[in-house]
Structure formats: C-alpha cells, structure tokens
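Taking it in order: structure first as structure tokens, then the write-up.
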Amino acid sequence: MRGKNIFRHSLYAILDLDLPYLKKDPFSLTKDLICGGIDILQLRAKSLSGNYLVDIGMKIKKITKKKKVIFIINDRVDIAKAIDADGVHLGQEDLPVNLARRILGKNKIIGLSTHNLYQAKRAQLQDIDYISVGPVFKSPTKPNLKPLGIETLRKIIEIVNLPIVAIGGINLRNIQLVLSSGVESIALISAILRTREIVSKVKLFKRLITNSAYGNL
C-alpha cells in the first residue's frame, strides 16, 4: 500500500463528522465521494467516542475496500489499528511518528500535518509516507492558522522529497493556481461537503486534477 505513486494526481477527501452542515449520514457521504472519483478518504471525528468511531470506521472501510479507495483515520492510531485501516494521519501534537509506526507496522501509511517550512523540512527525518501542507489559503476548518500562500507551498515542494498534499481553503476559484505549483495531491473538505451535489462537484475537481496531470490546465 505504501509508495509515492498512490498520491500522484490524487483527490484526497476529508470526511469530518464534526462539521455542523453535513446533510447525510457518513456512509451515504462516503458513497457519494467515491462515486465522484476520490482516491483517498480520511475519516476525522474528534468528538466521537472510540466505540462509535470503530463502528463507523469498520462500515466505511468495507465501502472503501470494495472500491479500492485508500482509507485513512485522523489522529487515532488505536482506531486505525483496530479496524485495519490503510493508515493514519497525525497532527503536530499527536502521537509521535515512531510510536505510530511501531503500532501500525511497516506496511501502513502514515501522514503528518505541517504548517510551515520548518515543520515540512523536519518531517523528512521521520518514517512517514506523505505530508499535508496548509492551510494554503484561509480555511474555515482551521481559522487560527495563518495561510501559507502559494509561494511557500512552492518552496516546500522544491525542498521536500515526500508526496505533498495541499490543504486549506482550496476551491474551484483557486485550485488551478494550487495545481500549477506541482503539488502531488489536493485535499478538500468544505468545498465538497457543503454542497448538496457532492458527486458532480467531486467529479469537477477530479477532472481538473486529471487535466493538470496531462498539462491541460
């Protein structure tokens, strides 16, 4: 499962169950996102109990496995281990990467959030598979973090030898600018979960990402 190629020109959806505007249950949302063409799904639910998260995670995993979509759990290494998810995504204040790797084993994906050039450079010293970089723009889900901007994203891409997932405030108005930076993957939350037409919106984002891969920006 591990390897750089799995992130190339990928659409990375984050299903945050704490968002107040979700219109459907997590399983319907998962099916819509997959139908639209996502490549990677991260389940984020910081407010849910472990028991509930395991139950939801197991059901979502059945859907993603059948459709060959990579399934990542946010923060909770124990949950990722319990349901045999494809991997985990860690924040700067979460369980250290070396401990997460010891728990999950060498074949699972581990991603790490980075919010500046220093964190991105340090990430290369750890046993991880990718980093997320952001917020690139002002983000409704990360209002306390200062946007990095495209130039900082470009600098990180130049110096970091890991797949990079751009995240934060990316929408249809600015995605082509982000793609022009050469980033491996685009992560979306509000831009696809706020809409009632999730499938068609995801298809549109996916088409833009695919076009960029062939120089059709």
For a salt bridge (charged side-chain N to carboxylate O under 4.0 Å, His left out) check, start with the C-alpha distance between D75 and K46, then their side-chain angles and the critical distance, and finish with the verdict.
CA-CA 8 Å; D75 291 352; K46 295 181 183 294; 2.2 Å; yes
Taking 4.0 angstrom as the limit, do D84 and K61 come out as a salt bridge?
yes
Evaluate the side-chain proximity of [Y] to [X]: yes if any heavy-atom separation is below 4.5 Å, no if none is.
X: T152; Y: V133; result: no
X: F7; Y: I164; result: no
X: K201; Y: L172; result: yes
X: I70; Y: I109; result: yes

Can you name the residues that form a side chain to side chain contact (heavy atoms under 4.5 Å, CB included) with A45, not counting sequence neighbours?
L17, L48, L53
Counterpart residues, side chain to side chain contact (heavy atoms under 4.5 Å, CB included), relative to S49 (two or more places apart)
N51, Y52
[X] versus [Y], closest heavy-atom pair with distance:
X: G87; Y: A80; result: O-CB, 3.9 Å
X: I73; Y: A85; result: CG1-CB, 3.8 Å
X: G57; Y: L43; result: CA-CD2, 4.1 Å
X: L148; Y: G134; result: CD1-N, 3.8 Å
X: A100; Y: V77; result: CB-CG2, 3.9 Å
X: D16; Y: L22; result: O-CD1, 3.4 Å

Pairwise ring pair (Phe, Tyr, Trp, His ring centres under 6.0 Å) hits with a residue in residues 72-110, at least two apart
H89-Y130
Would you list the pairs meeting ring pair (Phe, Tyr, Trp, His ring centres under 6.0 Å) in which at least one residue belongs to residues 62-83, sequence neighbours left out?
none
Output every pair passing side-chain hydrogen bond (donor to acceptor under 3.5 Å, both in side chains) with a member in residues 115-126, not counting sequence neighbours, ordered by first then second residue.
none
Listed once per pair and sorted, the salt bridge (Lys or Arg N to Asp or Glu O under 4.0 Å) pairs that draw on residues 152-171, sequence neighbours left out:
E151-R154
Salt bridge (Lys or Arg N to Asp or Glu O under 4.0 Å) contacts in which one or both residues fall within residues 48-57, not counting sequence neighbours
D55-K59
Could you measure the distance from the [atom1] atom of [X] to the [atom2] atom of [Y]? Nearest 0.5 Å is fine.
X: R44; Y: D18; atom1: CZ; atom2: CG; value: 9.0 Å
X: I209; Y: S212; atom1: CD1; atom2: OG; value: 7.0 Å
X: N74; Y: L90; atom1: CG; atom2: CG; value: 8.5 Å
X: I156; Y: I131; atom1: CD1; atom2: CD1; value: 6.0 Å
X: I110; Y: L95; atom1: CD1; atom2: CG; value: 9.0 Å

Before giving the answer on side-chain contact (heavy atoms from CB on, under 4.5 Å), spell out for I157 and E184 the whole-Å C-alpha distance, their side-chain angles and the decisive distance to 0.1 Å.
CA-CA 9 Å; I157 291 169; E184 293 273 357; over 6 Å; no
Are [Y] and [X] connected into the same hydrophobic cluster when the rule is that any two of I, L, V, M, F, W, Y join if their side-chain heavy atoms are below 4.5 Å apart?
X: I167; Y: L145; value: no
X: I159; Y: I150; value: yes
X: V199; Y: L204; value: no

Which residues share a side-chain hydrogen bond (donor to acceptor under 3.5 Å, both in side chains) with S185, sequence neighbours left out
S10
Apply the test side-chain contact (heavy atoms from CB on, under 4.5 Å) to residues I60 and T64: give CA-CA distance (whole Å), side-chain angles for both, the deciding distance (0.1 Å), then the verdict.
CA-CA 6 Å; I60 290 179; T64 56; 4.1 Å; yes
Let me have the donor-acceptor pairs involving side chains of residues 28-41, under 3.5 Å, with sequence neighbours excluded, atom names and distances please.
unit_1: S28; atom_1: OG; unit_2: D25; atom_2: OD1; d: 3.4
unit_1: S28; atom_1: OG; unit_2: D25; atom_2: OD2; d: 2.8
unit_1: T30; atom_1: OG1; unit_2: P26; atom_2: O; d: 2.7
unit_1: D32; atom_1: OD2; unit_2: K24; atom_2: NZ; d: 2.6
unit_1: D39; atom_1: OD1; unit_2: K206; atom_2: NZ; d: 3.3
unit_1: D39; atom_1: OD2; unit_2: L11; atom_2: N; d: 2.7
unit_1: D39; atom_1: OD2; unit_2: K206; atom_2: NZ; d: 2.6

Any chance you could lay out the side-chain contact (heavy atoms from CB on, under 4.5 Å) test for L162 and I128, step after step, and finish with the verdict?
CA-CA 8 Å; L162 284 168; I128 59 177; 3.8 Å; yes
With sequence neighbours left out, the residues meeting salt bridge (Lys or Arg N to Asp or Glu O under 4.0 Å) with D127 are R2, R101
D94: what forms a salt bridge (Lys or Arg N to Asp or Glu O under 4.0 Å) with it, not counting sequence neighbours?
none
Donor-acceptor check, side chain of N5 to backbone of R8, threshold 3.5 angstrom: yes or no?
no
Would you check if the side chain of Q42 reaches a backbone N or O of Y12 as a donor-acceptor pair within less than 3.5 Å?
no
Give a yes or no on whether K23 atom NZ has more than 12 heavy-atom contacts from other residues, nucleotides or ligands under 6.0 Å away.
yes
Tabulate below the donor-acceptor pairs under 3.5 Å that side-chain atoms of residues 186-198 make, not counting sequence neighbours, or state none.
unit_1: S190; atom_1: OG; unit_2: Y21; atom_2: OH; d: 3.1
unit_1: T195; atom_1: OG1; unit_2: E197; atom_2: N; d: 3.1

